[in-house]
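To start, the structure itself, in structure tokens.
Bear in mind that the values here come from a model prediction, so they are computed numbers and not experimental data. In what follows, chains are A, B, ... by sequence order, proteins preceding strands, each numbered from 1.
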Amino acid sequence: MEDIALENHIVKQFDEELDEIRTLLMAMGGMVEQQLQDSIQSIVKVDSGLADSVIERDKRVDEMELEIDEACLTIIARRQPAATDLRLVMMVSKAVNDLERIGDEAKKIAKQAILLSEQENPWGFTEVRHLGKAALSILNNALDAFARFDTEAALRTFNQDQQIDLDYQTALRESVTYMMEDPKSISRVINILWVIRSLERVGDHAKNLCEQIVFVVRGTDIRHQAVFDDTH
Amino acid sequence: MSTTVVSAAETDSNTRSQHLMSGDQTNFLNDIQDHVTVGTCFSENAKMSIKNVSVFYGNKQAIFDASVDITENQVIAMIGPSGCGKSTLLRSLNRMNDTIEGCRVKGHISMDGQDLYSPKLDVVELRARVGMVFQKPNPFPKSIYDNVAYGPKIHGLTDSRYELDEIVEESLRRAGLWDEVRDRLQQPGTGLSGGQQQRLCIARAIAVSPEVILMDEPCSALDPIATARIEELIEELSQNFTIAIVTHNMQQAARVSHRTAYFHLGKLIEVNPTEQVFTMPEHNLTESYITGRFG
């Protein structure tokens, strides 16, 4: 794990501002994690009340995006950050975008949960539970890696997305098979498909977070690579 | 998916915030005793070459074994905290240090392969080839025209009045001052505003067609608009001239230069392309300085 120091500026206020955007991003990360968890729960527990609350709470996630973006903008305008500081501010401003999109996916899942709760057929819970667990795990690991600026963990997490993509493909094929066998279930399966699609997207956004962590700490850009196999 | 996962997530976010609170302290001022300059000091297209240069003021050593090439038709910025030796090194490039008593330069400085400290070298001619612009605008107490015409006259670049007029106009145009002073060339140069005076000094420096221009904090006495004009000018001049600029303003170094050299306590710590220095410096000291952690 490499060292990254964000303290000790001559202007102490600058330390505090950088610390603030990190703390806010972590808070937003925690919030989004909870949203994702609740949205998955609302499907597998058939709990439309929980789904409603996820949809309601998404507004707060959006507000946090604006708040953090503004804090980043202020730092750039006032401090003209350079080197690690600059990379951190850029990273936070991008990460906020990814977290907000994960929040949106959670909201979409919650909307599907409400539709699904009106149906009797239990098909799809296994798929959602399985991919949901993987999506929560990659998000959790990415946020942990960010909190510690741990590039090794970020790279491990980055590679986790590949498995999610494979699981998504598998779930997709199963769904198609199921629809062909039982055309009456098509509408339900399509709802489930939207959910697993959202979970797959969560994996992509978490992967982006990992790329940004590596960028902050090492200054190397690992975007647009399927797997990162060089551990320097 | 059970509720135990929720509590696990909560625990995780607790440890995360604890980690944020502790904040690893890193020792920025690591040892520079056995220093090696990091980055790319050498250039294939070097106009000037500085090799193992040490500069002394009496017994005090101001520069320790610095080696760096100055690339032709590029801007190199020298940055570092006060007293780091950047101005000293800049001044040794046209032997301005000769005028300071007790100042000695060890090592090799050459331009186009010619040793600048060779006894056979004509210092006056050297200073025509390597012009200099200082922190405070210092026009001669003469007319705007004479300020610019002075160099070409004493260096005997021309004896025709017509050619001299052309040199004066061309230099003032290149310094971006012509349109502002064309109607008052006979008025004193000292009557111009600070920014105009500095551009006049740049016009005076380029009137003798130097190959290299040294600038020692050329904008530190100017307002932001005048500074922007000079910076734009530096950009334009770099197409035809080789420029070395010393600046305290890091954003300025980031804006105008192609390469940046960072000095610390007389040691050349890092030389790298400017975009790298300001986004991903190689040395911890450079990082600490440009991010405002000491200076």
Query raised in the report: Is Arg197(A) salt-bridged to Glu200(A), cutoff N-O under 4.0 Å?
Result: yes

Requested in this report: Anything in residues 73-85 of chain A with a heavy-atom distance to chain B below 4.5 Å? Please list those residues in order.
Outcome: Gln80(A), Ala82(A), Ala83(A), Thr84(A), Asp85(A)

**Report entry** Backbone N/O of His205(A) and side chain of Arg101(A): donor-acceptor pair under 3.5 Å
**Finding:** no

Query raised in the report: Counting N and O atoms only, with roles assigned by atom type, does the side chain of Thr274(B) sit under 3.5 Å from a partner on the main chain of His258(B), one being a donor and the other an acceptor?
Result: yes

**Report entry** Gln135(B) backbone acceptor or donor facing Ser220(B) side chain under 3.5 Å
**Finding:** no

**Report entry** NZ or CZ of Arg259(B) within 45° of Phe42(B) ring axis and under 6.0 Å
**Finding:** no

Report task. Would you mind telling me which of Ile290(B), Thr286(B), Thr279(B) has the largest number of heavy-atom pairs within less than 4.5 Å of chain A? Result -> Thr279(B)

**Report entry** Pair Thr227(B)-Gln252(B), side-chain donor/acceptor within less than 3.5 Å
**Finding:** no

